[in-house]
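A quick write-up on the structure given underneath.
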Amino acid sequence: MGTGDNAAPGSDKKAAIKRKIKMTAYFLLIPWFIGITVFRIYPMIMNLYYSFTEFHPLGEPSWIGVSNYLEMFTADPVFWPSVVATLRYVLIGTPLVMAAAFFIAFVLNFKLKGVNLFRTAYYIPSILGGNVAVSILWVRMFHPIGPVNTVLGAFGAEPINWFANPSFAPFTLIILSAWQFGSVMLIFLAALQNVSPTLYEAADIDGARKWRQLFAITLPIITPVMLFNSINVLLRHFQEFNAAALITGGGPLNATRFLNLYIYEMAFPSLRLGYAAALTWVLLAGIGVLTAILFVSSRHWVHYND
Amino acid sequence: MTLQEPKQTKFKKSHINAAIRYIILIFIGIILIYPILWMFGASFMENADIFGSVGILPPFDRVVWDHFPSAWQLSTHNTILFYYANTLRFLIPRVIFTIISCTITAYAISRFNFPGKRIVFTIVIVTLLMPEVAFRIPVYVLMRDLGLLNTFASLYVQDMFAVNSFFVFMIIQFMRTIPRELDEAASIDGCNALQTLWFILVPVLRPIIISVGLFTFMWGMNDYLGPLIYLTGAETRPLSLALAALVDFDVLVPFGRVFAAATLALLPTIGIFFACSRYFVESVTSSGGKE
């Protein structure tokens with residue numbers, strides 16, 4: 001863009017190349033720019049607008065102010081049970097998946113033959129877990145005379161009617177989620193394998209016991225990965241849909257009617273897009289608050305060494 | 001002799017340690033894989049043998065062979081191939097578009113200097129954490145206004161525009177490990193940007209591109225909510241919806257047949273996973289991926 005008068009011909013050429021690079025980059029980013037505005041930013045804004053409207057899928061939105069939010073907080077008999085069901089699933093499921101993933105990664109982090117085989121096998125449930133076919137399987141696993149009750153019966157337990165009892169039904173879904181610890185475990189394992197062996201050697205020389213090494217060396221070093229994993233697992237639990245929709249159908253007595261399922265039910269079978277949009281903001285707020293707690297608290301428990 | 005003794009106990013100790021780890025690993029492995037094996041075994045059983053049993057092998061004198069043929073004929077009018085074909089009709093474009101658009105976007109962000117680059121990268125990172133539910137309803141309205149409801153295109157148009165920030169990020173991370181001298185040499189030889197990407201970078205990016213394709217495919221096979229919202233007609237019905245109709249089967253239906261259908265539905269995923277498990281495991285561990 002220089003006026004050329006006081007610029008040397010060489011720098012003019014340089015500027016032209018720079019400009020060409022810039023234009024190429026913008027050209028290559030056109031699809032992304034369309035995607036991010038049309039399918040991400042614009043919908044986010046519209047979702048806020050829709051939450052203040054009454055909106056039938058075949059019609060157009062009409063402004064009703066905060067009525068959706070008022071109805072949700074004061075008059076909807078399903079809303080609060082749905083919030084409770086979501087939080088229970090998130091707050092029990094997340095630590096469970098984290099603990100299982102870390103424990104297995106810890107056991108696997110060892111120079112043994114066949115570790116790769118185990119690593120691959122443990123990852124299979126993560127690949128299959130969301131599939132409808134697995135929901136079919138889970139319904140049968142927890143059937144009153146299915147294998148889970150048969151095994152429990154061998155230990156003398158009374159058969160449990162898993163899907164009819166509001167205190168047991170959520171556990172069938174939590175167990176399904178825990179079954180899919182594989183990807184989280186793989187990330188933990190990679191982090192554990194990156195811990196420099198010299199640290200352990202030094203600790204051995206100092207005579208530190210293995211358990212002490214776990215708490216003094218291993219855990220502090222992998223805290224950044226722990227933060228990353230816990231946010232991912234948290235997000236996954238907040239957004240659970242397939243299992244709740246297919247295995248328990250949200251029941252019994254709304255015990256598994258997670259917000260993500262309830263949003264779908266309000267939007268599509270019940271044809272209330274505006275109300276569903278308002279519910280979406282509650283789910284997003286829940287995700288936002290818990291993620292923020294993790295981030296803010298991480299200052300006290302995450303160690304960054306490099 | 002006295003000097004050797006502590007060494008030997010240490011040796012023994014490490015053996016016990018290894019044995020304990022193996023026992024734990026095998027025990028957990030059995031628990032994890034059992035449901036899948038049980039499903040497969042039960043698809044050869046009569047209802048009476050499935051009820052109240054934990055065995056994975058059908059009784060030898062009562063092996064039922066015809067559950068698989070009858071599961072193949074998944075509904076009165078269509079075989080399972082019809083539903084598979086419908087799934088692939090949105091999944092194949094989705095895989096192709098995701099790979100192309102995400103690679104080009106990652107290339108622009110990681111290889112070019114331009115004003116606003118940091119903002120673009122920040123938006124990619126922020127949208128990484130954005131849950132799909134935040135856009136679900138407005139995107140549905142958008143699809144309605146575009147006249148795309150109940151078309152396969154509704155399930156892949158977005159993927160033409162690099163909306164999956166997770167993959168963009170994954171490819172950027174990978175591209176950082178490729179020396180820039182490679183593409184500089186190409187541009188001196190007269191390649192334009194897209195030629196450099198295609199002839200120089202794509203061959204090196206192969207493993208990450210395969211990973212992106214595989215993850216897109218796997219998640220698409222598991223996608224139930226998308227088809228539930230967008231593919232409402234009988235002619236477009238994909239496998240996930242056809243299977244969902246079998247979840248609430250009642251006692252009169254042979255369970256074995258339903259399990260056979262579920263097994264058939266999982267087979268391609270399992271097959272691809274075993275054929276490419278290296279790519280999955282590596283990309284999850286290297287970029288700290290999702291599930």
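Each chain gets a letter, A, B and so on, in the order its sequence line appears, and its residues count up from 1. Hydrogens, waters and symmetry mates are skipped; everything else that's a heavy atom, side chains included, is used. This structure is a prediction, so every number in the text was calculated from the model and none was measured.
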(request) Please determine, among Pro35(B), Ala261(B), Ala262(B), Ala108(B), the option with the most heavy-atom pairs under 4.5 Å with chain A. (result) Pro35(B)
Under a 4.5 Å heavy-atom cut-off, does chain B meet the side chain of [X], its backbone, both or neither?
{"X": "Ala191(A)", "answer": "neither"}
{"X": "Trp138(A)", "answer": "side chain"}
{"X": "Leu283(A)", "answer": "side chain"}
{"X": "Phe55(A)", "answer": "side chain"}
{"X": "Tyr264(A)", "answer": "both"}
{"X": "Ala25(A)", "answer": "both"}
{"X": "Val38(A)", "answer": "both"}
{"X": "Phe118(A)", "answer": "side chain"}
{"X": "Phe181(A)", "answer": "side chain"}
{"X": "Ile231(A)", "answer": "side chain"}
{"X": "Asn109(A)", "answer": "backbone"}
{"X": "Phe188(A)", "answer": "neither"}
{"X": "Leu284(A)", "answer": "side chain"}
{"X": "Leu246(A)", "answer": "both"}

With a 4.5 Å cut-off on side-chain heavy atoms, are [Y] and [X] touching?
{"X": "Trp38(B)", "Y": "Pro147(A)", "value": "yes"}
{"X": "Ile124(A)", "Y": "Phe274(B)", "value": "yes"}
{"X": "Ile109(B)", "Y": "Leu29(A)", "value": "yes"}
{"X": "Trp32(A)", "Y": "Phe161(B)", "value": "no"}
{"X": "Asn47(A)", "Y": "Phe135(B)", "value": "no"}
{"X": "Thr105(B)", "Y": "Leu28(A)", "value": "no"}
{"X": "Ser277(B)", "Y": "Tyr123(A)", "value": "no"}
{"X": "Met39(B)", "Y": "Met141(A)", "value": "no"}

[X] versus chain A, the contacting section by heavy-atom distance below 4.5 Å:
{"X": "Leu197(B)", "result": "neither"}
{"X": "Ser240(B)", "result": "both"}
{"X": "Ile20(B)", "result": "neither"}

Heavy-atom pairs under 4.5 Å with chain B, option from [options] with the top count:
{"options": "Thr280(A), Thr24(A), Leu235(A)", "value": "Thr280(A)"}
{"options": "Thr150(A), Ile30(A), Leu137(A), Asn116(A)", "value": "Leu137(A)"}
{"options": "Met46(A), Arg40(A), Gln239(A)", "value": "Arg40(A)"}

(message) Could you check whether Asn260(A) and Arg136(B), counting side-chain N and O atoms only, form a donor-acceptor pair closer than 3.5 Å?
(response) yes
(request) Kindly say whether the aromatic ring centers of Phe268(A) and Tyr140(B) come within a distance under 6.0 Å. (result) yes
(request) For Tyr26(A) and Phe114(B), run ring-ring contact (aromatic ring centres under 6.0 Å, His included): C-alpha distance rounded to whole Å, both residues' side-chain angles, the deciding distance at 0.1 Å, then the answer. (result) CA-CA 8 Å; Tyr26(A) 289 149; Phe114(B) 55 90; 5.5 Å; yes
(request) Give, for atom CG of Asn222(B) and atom CG of Leu128(A), the distance between the pair rounded to the nearest 0.5 Å. (result) 7.5 Å
(request) Report the distance from atom CZ of Arg119(A) to atom CG of Leu25(B), rounding to the nearest 0.5 Å. (result) 13.0 Å
(request) May I ask you to establish whether Arg140(A) and Phe259(B) are in a cation-pi arrangement, using a distance under 6.0 Å from NZ or CZ to the six-membered ring centre and at most 45° from the ring axis? (result) no
(request) Locate the shortest heavy-atom distance separating Ile287(A) from Pro131(B); write the atom from each residue and the value. (result) CD1-CG, 3.7 Å
(request) Can you see which heavy atom on Ile33(B) is nearest to which on Ala121(A), and at what distance? (result) CD1-O, 3.9 Å
(request) May I ask you to decide if Ala265(B)'s main-chain N or O and Asn131(A)'s side chain share a donor-acceptor pair within less than 3.5 Å? (result) no
(message) Using modelled atom types and a 3.5 Å cut-off, is there a donor and acceptor pairing between side-chain atoms of Arg21(B) and backbone atoms of Leu108(A)?
(response) no
